[in-house]
Amino acid sequence: MSENIERNKPVISKKLDKFFTGLADAFRFVKRFFQEVWFPPYEFKEVLRQCYEIGYRSLPLISLTGFIVGIVFTNQSRPSLSEFGATSWLPALISIAIIRAMGPLVTALIAAGKVGSSIGAEIGSMKVTEQIDAMEVSAINPFKYLVVTRTIATTLMIPILVLYTDFVALIGSFINVNQNELVSLSTFFVQVFEAISFLDVFSSLIKSLVFGFTIGIVGCYKGYNSSNGTEGVGKAANASVVMSMFLIFIEELLALQIVNAIRYA
Amino acid sequence: MPSDYTKKIVEIRGVKKSFDENHVLRGVDLDLYERENLVVLGKSGSGKSVLIKLMVGLLQQDEGTINIFGQDTTKLSLKDLNKLRLKIGFAFQASALYDSMTVRENMEFPLVRNVKNLTRKEINLKVEGLLDSVGLPKTINQMPAELSGGQKKRIGIARTLVLEPEIMLYDEPTAGLDPTTCIDINNLINQVREEYNTSSIVITHDLTCAKVTGDRMAVLIEGQFQAIGSFEEVFAQAKDPKVKSFYDYNFIQ
Ligand SMILES: Nc1ncnc2c1ncn2[C@@H]1O[C@H](COP(=O)(O)OP(=O)(O)OP(=O)(O)O)[C@@H](O)[C@H]1O
Ligand SMILES: [Mg+2]
């Protein structure tokens, strides 16, 4: 077991050792998810309940943020376009920005804050109050019941929420465009859809799946490994937000590279 | 009280367990006989909880063997370990009720997940019956957060009983409770043995609880059992100063 590693002197330095054991640990956690997700019991009810919780928790904030992002982004982009007399390109510009980047990013960051932290805190408190142990001793697989369900739920729900954010942001943008350029709803949306390709939507959804998976698994991992004591619960919640936001940005950059490689291939 | 200890149910031999430099258990030997209530005493941090966690595979020992119903727990596959776990009721020190579930759901959870093809009626009957027997029928639709510590303990015990365990492990069942609630819990522990024919390990700091529930006492000091025997044997004639001081301390308090 891990004893020989723990008992021996540090290989490089204590901090680096800890970092690498942590990394290996996280990797094992993700691996375990992919090992267990395929086999029954599937816990459909729990997944559904989690999906509902995620939607319920993040919808108000996402609606507001998406809407405001749409308005503000449109308003701020106008001056640069009007220099070239190209304000008629606004809907196209906005739609590309929102579908490709803003929608997924805004949704994922908000969900990381709202959903990720609450998953971290919930599982963390179950861990420190021995509820997870209680499941284990009654022959219930807590990993399956808690981790797999929540991770599936975030993975499914984030893409749906992203579509919703895209829509709300476009509505916000439309209101702004409608007021300033007097473009009708139908013209606006025709331009919006002309500007985006299948690749845009498809890659945005795949990216959102990855974001969702990240939020769920990170929250669960941090909660599951929270150290004892109530203090650990707060730490787990906090760490899951920081960690998943960091990973979301990294993934965003990677996704950009991959999609560009496909787009210009 | 069982008149003779004939059937050994649990046999612990030479168990050692350390956490880094913290050597908690340093060679523990212990037997549990059929239908016996064995009380484990020991200071806070002496490793009592660790010992029973080893028994159900929540932790793994570094050395030594734990045999339960003749099976070496470390050699079991997860499936067989789970089968064994179903025969062991583990009442946690802090109750460990599921926060997000009502009392009813808490009690049903282990049942519906481990026993297939139960009808709604059978489940209800079982849950309500058990809540009655721990004296808390009215809490059925409450959330754990709404219950007192003593109520939580009793429901925690009732929850472990839904699977009709053959061994009960009580981790400080009376800790932090007022004397009357302690009496209730002590009675409950004895009542469980009468009704379910369980063999139990009762971990406690509370010598009244030890005296009322225990057939034998085992005192864990510095990672080993220093004294095992009846209450009188362990304390009245305690020669070992550490055992004696444990007794004096508890009764002067
Ligand atoms: N999972 C763990 N990781 C690291 N150390 C642990 C772990 N579990 C227990 N310990 C350590 O083992 C020692 C014994 O703990 P244990 O919980 O068994 O004490 P206890 O006898 O049950 O005490 P109490 O009466 O306070 O419950 C403590 O020093 C504790 O810090
Ligand atoms: Mg303890």
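Here is how names work: the chains are called A, B, and so on, in the same order as the sequence lines, proteins then strands, and each is numbered from 1. Quick note: numbers below take in every heavy atom, side chains included, and nothing from hydrogens, waters or symmetry partners.
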Side chain / backbone / both / neither for B/M101 at chain A, heavy atoms under 4.5 Å: side chain
Check: B/K53 and A/E130 side chains under 4.5 Å, non-hydrogen atoms: yes
B/Q71 atom CD, neighbour heavy-atom count above 12 within 6.0 Å: yes
Interatomic spacing from CG in A/N141 to CZ in B/R113 - rounded to 0.5 Å: 10.5 Å
Non-hydrogen atoms of B/L86 and A/A139 that approach each other most closely: CD2-CB, 3.6 Å
Atom CZ of A/F202 with >12 non-hydrogen neighbours under 6.0 angstrom: no
Part of B/L84 within contact of chain A (heavy atom distance under 4.5 Å): neither
Exam field: side chain A/Q131 to backbone B/D99, donor-acceptor pair closer than 3.5 Å: yes
Max heavy-atom pair count under 4.5 Å with chain B, selected residue of A/E43, A/M126, A/E122: A/E43
CZ/A/F246: more than 12 non-hydrogen atoms of other groups inside 6.0 Å: no
A/Y52 atom OH, over 12 foreign heavy atoms within 6.0 Å: no
Minimum side-chain heavy-atom gap A/V137-B/I88 below 4.5 Å: no
Whether over 12 other heavy atoms sit under 6.0 Å from A/F19 CZ: no
Donor-acceptor contact below 3.5 Å, side chain B/N114 vs main chain A/S138: yes
A/D133 and B/F90, any side-chain heavy atoms less than 4.5 Å apart: no
Aromatic ring proximity B/Y98/A/Y145, centre distance under 6.0 Å: no
